[in-house]
Amino acid sequence: MAVATKDVLRLATVGSVDDGKSTLIGRLLVDTRLVADDHLDAVAAASERRGVGELDLSFVTDGLRAEREQGITIDVAYRYATTATRKLVIADCPGHVQYTRNMATGSSTADLALVAVDVAAGLKEQTRRHLVIAALLGVRAFVVAVNKMDTVEWSRTAYERVVAEVGVLATVLGATSVVAVPVSALYGDNVVERSLRAPWYAGPTVLEALEASDAGAWERSCGSRLPIQWILRQPGGGRSYAGLVSGEALRVGDAVTLLPAGIETSIRAIHYGGRTLEEAAVGLAADVELDDATDAGRGDLIATAPLPRVTRELEATVCWFGDDPLDQRGRRLRLKHTSRTTPVRVRELEGRIDVGSLTLTRADALATNEIGLVRLTTAEPLVVDEYREDRVTGSFVLVDEVTHATVAAGMVGRPPFVTVGR
Amino acid sequence: MTTLAPPSTTAGLNHLDALESHALFILREVVAECERPVLLFSGGKDSAVLLHLAAKAFAPLGLPFPVLHVDTGHNFSEVLAFRDRAAVRAGARLIVARVQDSIDRGRVADPGDLASRNRLQSVTLLDAISEHGFDAAFGGARRDEDKARAKERVLSFRDEFGQWDPRRQRPELWRLYQGRVNPGEHVRAFPLSDWTELDVWQYVAREGVDLPSIYFAHERPVVARDGMWLAVGEFVRPRDDERVESRTVRFRTVGDATGTGAVLSNARTIDEVVAEVAAATVSERGATRGDDRFSETSMEDRKREGYF
Ligand SMILES: Nc1nc2c(ncn2[C@@H]2O[C@H](COP(=O)(O)OP(=O)(O)O)[C@@H](O)[C@H]2O)c(=O)[nH]1
């Protein structure tokens, strides 16, 4: 085949308004020659019409009419880039008012956050909040573009001041990898092309940092998980259970437990799209046959040890997106966790998490875009891991029973870096 | 062993397996959550890949939903032939909703004989969705196609008027796709959201997906119009000042035959097409779709009205 296959790195962008995030992404796409000529022409024409001389690279990423008219970014946009070794899926998250919702959405599937910080302005409050939300959603690897280096004459001192600021926060948030790069997104230094203006800098460009990141490879301590999504009939008449493998790879012969029933059995065969496999890698939409003719269905989970918990009581961190506040009064909600959906009640609001001070404080309600710690009771048992152990079996959404709107993102457990305030 | 952090959702897979698995997951999830899904099938390469994935997701049984073609009446004959054989191969029931019927019933105004019916498709599509009571419609749209599409969810909510409101999209976290709607509303589901044009072609090559022959280089009479090469035939007649030439071309997209341009190309085999797409410097829609070039926001406007 003419083009080799590559692995996938999913990343979310973080940056306060005006720190140059859009320009950075535009630069990344233009310099890797991923923006088609006709799109570039359109950007040039739009730049001219709105009187912003030359090429405004931030127009490469702004999509909707309302956004261009008001000069703001409303929603997460997805961009795709291909490097020599990787396919990048970029969730471009807006830095504006509805930041929690959009940041949470973009971060929920991201392995890494790409952060733009204006070197002259330092780490702004909004960027701090974004980083905290990304970390809450499980992002542990960060590439920090210290931007607008041209405005400080490529001062190493200014750069290092920002790096130190980011470093302190990243440590608190439990980051496992932080790579900082001095860049000028506007002029293209150190984004894709290496700059000659910072001879003191020997590290990677932004693109090289993204290519080198092993954000996807984490050490963990729970087993393989296959939430049953759908039941397929095998040609011989047997049943196989389809789902997306998470946690660890699943192999033929593995001893597994079918939950919540607790039935012990083993994997007899693994199929994928009609082929038979010995092993199903994480992320594969495999279907498996079990050794005992058990009666499993959608919403059940096949797991290897260490096993997840079966429970109807959860302590969880929730990001609230509903238009009216979440309180303990009788709002009718449904919870969707893996392939299981069940009625749920919010039994207790333990408090609100202040993303500035990283403390948990008492609260009677959560307003739109606030994050809190809650205790939930579900009608049916769930099979869960802590979110920090497994992003698939540790996550859920809350859905309004009347409108069917998604009103909250939930993560099983407490974030490790939040302390209890007064 | 210590736990540092959650694992990637795609670790260990190459990008085509990751994309394919994600798509199979979306297809199964929507079928499990929704009452009456349908797959929108144009006969183009994206819907051909979508149909291939749907067949894989539910094999060895046939598709658990019908396939709907919104027929503008302005078709390439190769595409209609392909549509019929692909539906049969997938074991799918084919429903054809005709724009001409919408015109005849006065649901839309007739734009005239040789004018594009692309935009009219929205009405025909929405009428078919409500007539059959579909609550979910799979489409082959990709986010790399257009700036409005780049913002759209994998499961995209449509109100009772079939409209898309970009400011009120449902938050979509992890892979917890949530497809329930109230009567009269529906969702569009886009299993190819994260695929690029190149991914589609690499996948077609890997899987040997059957496509209409017009995707591969062939000789045909064309005229140069609006910076595109249009195929001369039943739906495009040369104007007085235009000269008909015979050129070696292929199509990068397949739409209403009055407005879909061909590109000059010698790529006759799948490998040659993959190589050509990998080196392309003009976007797929920019090169071939008259309707997307009118304004900066034409796709956004059409999507709001209920377009694919
Ligand atoms: N001098 C300088 N200006 C920059 C740089 N990057 C971005 N800008 C400018 O900063 C402003 C905000 O950039 P934009 O990308 O829209 O910021 P966003 O709000 O973070 O997306 C624009 O006027 C950019 O041209 C840079 O590296 N150097």
Side-chain angles (χ1 to χ4, degrees), chain A residues 1-3 5-8 36-39 42 46 63-65 74-75 77-80 87 89 101 104-105 108-109 111 138 140 176 215-221 229-230 233 235 242 244 247 273-274 281-285 298 321 336 339 388-391 395-397 399 404-406 409, chain B residues 1-18 20-21 24-25 28-29 31-32 56 58-61 143-144 147-148 150-151 166-167 169-176 178 180-182 193-194 196 198 202 205-206 271 274-275 278 280-283 286 296-297 300:
Chain A
M1 207 189 305
V3 183
T5 57
K6 302 161 192 243
D7 73 347
V8 181
D37 291 351
D38 54 318
H39 288 174
L64 302 171
R65 179 177 28 211
I74 295 170
D75 214 323
Y78 290 86
R79 327 259 165 221
Y80 304 88
K87 178 182 165 88
V89 177
R101 183 173 108 173
T105 300
S108 69
T109 52
D111 305 314
R140 297 286 179 274
T176 53
W218 300 110
E219 224 182 305
R220 54 201 298 288
S221 64
Q229 195 194 4
W230 189 256
R233 309 257 158 221
L244 213 54
V282 170
L284 203 71
R298 177 172 162 86
F321 307 138
K336 182 170 183 186
S339 46
R388 83 181 93 87
E389 297 268 350
D390 192 306
R391 257 167 136 170
S395 60
F396 60 85
V397 290
V399 178
H404 304 302
T406 303
Chain B
M1 202 175 9
T2 53
T3 296
L4 299 176
S8 156
T9 39
T10 53
L13 296 187
N14 74 49
H15 75 285
L16 291 181
D17 287 333
E20 180 186 61
S21 279
L24 298 180
F25 178 81
R28 289 169 179 157
E29 199 61 15
V31 169
K56 257 193 165 180
F58 302 101
L61 300 181
R143 286 172 176 151
D144 79 324
K147 47 192 180 263
K151 303 248 161 175
R167 305 197 72 149
Q169 301 197 80
R170 288 179 175 175
E172 189 167 80
L173 291 105
W174 299 287
R175 285 174 176 177
L176 289 168
Q178 204 271 101
R180 292 209 200 164
V181 293
N182 283 317
S193 287
D194 285 342
T196 62
L198 182 58
Q202 287 185 289
R206 185 181 91 169
D271 285 346
V274 172
T281 60
V282 175
S283 79
E296 247 179 74
T297 54
E300 181 179 347

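Chain letters run A, B, ... following the sequence lines, proteins first, then strands; residues in each count from 1.
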CD/B:E29 to CG/A:L244 distance, rounded to the nearest 0.5 angstrom?
10.0 Å

If we define contacts as heavy-atom pairs under 4.5 Å, which of B:S193, B:P171, B:P60 has the most with chain A?
B:P171

Against chain B, label A:V397 side chain, backbone, both or neither, depending on which of its atoms sit under 4.5 Å from a heavy atom there.
both

For chain B, which candidate among A:R298, A:Q229, A:K87 shows the most heavy-atom pairs at distances under 4.5 Å?
A:Q229

Is it the backbone or the side chain of B:L173 that comes under 4.5 Å from a heavy atom of chain A, or both, or neither?
both

Does a side chain donor of either A:D7 or B:H15 reach within less than 3.5 Å of an acceptor in the other side chain?
no

Relative to chain A, which segment of B:A32 carries a heavy atom at a distance below 4.5 Å: side chain, backbone, both, or neither?
both

Structural part of A:Y78 lying under 4.5 Å from a heavy atom of chain B:
both

Does any non-hydrogen side-chain atom of A:F396 lie less than 4.5 Å from one of A:K336?
no

Looking at chain A, which one of B:T196, B:L176, B:L24 has the largest number of heavy-atom pairs inside 4.5 Å, strictly under?
B:L176

Counting only heavy atoms closer than 4.5 Å, note whether B:R170 contacts chain A via side chain, backbone, both or neither.
side chain

Take B:K56 and B:E20 through the test side-chain contact (heavy atoms from CB on, under 4.5 Å) and record every step on the way to the result.
CA-CA 10 Å; B:K56 257 193 165 180; B:E20 180 186 61; 2.8 Å; yes

Looking at NE2 of A:H404 and CG of B:N182, how far apart are the two atoms once the value is rounded to the nearest 0.5 Å?
4.0 Å

For the atom pair CG (B:L16) and CZ (B:R206), what is the distance rounded to the nearest 0.5 Å?
5.0 Å

